[in-house]
J.: 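My structure is below; once you've seen it, I'll send some questions.
Not measured: the values here are computed from a predicted model. Note that ligands are numbered from 1 as they come in the structure, with each ligand's atoms numbered from 1 the same way.
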Amino acid sequence: MLSCLTLAVQRDGRSVTTVEGLAPNGELHALQKAFIEHDGFQCGYCTPGQICSAVGMAHELRRGVPSHVTADLATDTVALSPDELRERMSGNLCRCGAYNGIVAAIADTYAETST
Ligand code: FES
């Protein structure tokens, strides 16, 4: 969900996980660690959205939700190919142009699990 386009009342009774919620007790999520390892940010302005979108994207893949570039729309599992990753993250803009690090961090975290 895009928080900037979602009214709180639309999520009434449902849980909301922010980027801070991905690191309970200060232990960073694997993707947060990968962003640091791969220099996936410069100013950090877009980073919470990039990370939350990538985690949501991984959940969509696990559910077999196809994207515009998914070849087999009938499949139950979608592998995180470079094209899938870039398509699914295409709505997230980074004014610093840290895309190579962002893609590397997401691929490092999720590609090998085919989720
Ligand atoms: Fe600056 Fe993405 S790191 S906008």
J.: Are any side-chain N or O atoms of Thr70 and backbone N or O atoms of Asp72, one a donor and one an acceptor, separated by less than 3.5 Å?
T.: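 Flag not set: sc Thr70 to bb Asp72 has no pair under 3.5 Å.
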J.: Closer than 3.5 angstrom, by distance alone: can the side chain of Gln10 be matched with the main-chain N or O of Leu7 as a donor-acceptor pair?
T.: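 Looks like yes, one N/O pair under 3.5 Å.
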J.: Under 2.8 Å from atom 1 (Fe) of ligand 1, which protein N, O or S atoms do you find? Ignore water molecules.
T.: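 Protein N, O or S atoms closer than 2.8 Å to atom 1 (Fe) of ligand 1: Cys43 SG, Cys96 SG.
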J.: Students often mix this up, so state it plainly: with edges at 30° and 60°, are the rings of Phe41 and Phe35 parallel, tilted or perpendicular?
T.: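 Rings of Phe41 and Phe35: parallel, under 30°.
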J.: Nearest 0.5 Å, please: how far is CG in Leu61 from OG in Ser67?
T.: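 One finds 8.0 Å between OG of Ser67 and CG of Leu61.
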J.: Counting N and O atoms only, with roles assigned by atom type, does the side chain of His38 sit under 3.5 Å from a partner on the main chain of Gly40, one being a donor and the other an acceptor?
T.: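 Between the backbone of Gly40 and the side chain of His38 there is no qualifying donor-acceptor contact (under 3.5 Å).
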J.: Measuring from Arg62:CZ to Leu80:CG, what's the distance to the nearest 0.5 Å?
T.: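 Result: 11.0 Å between the selected atoms.
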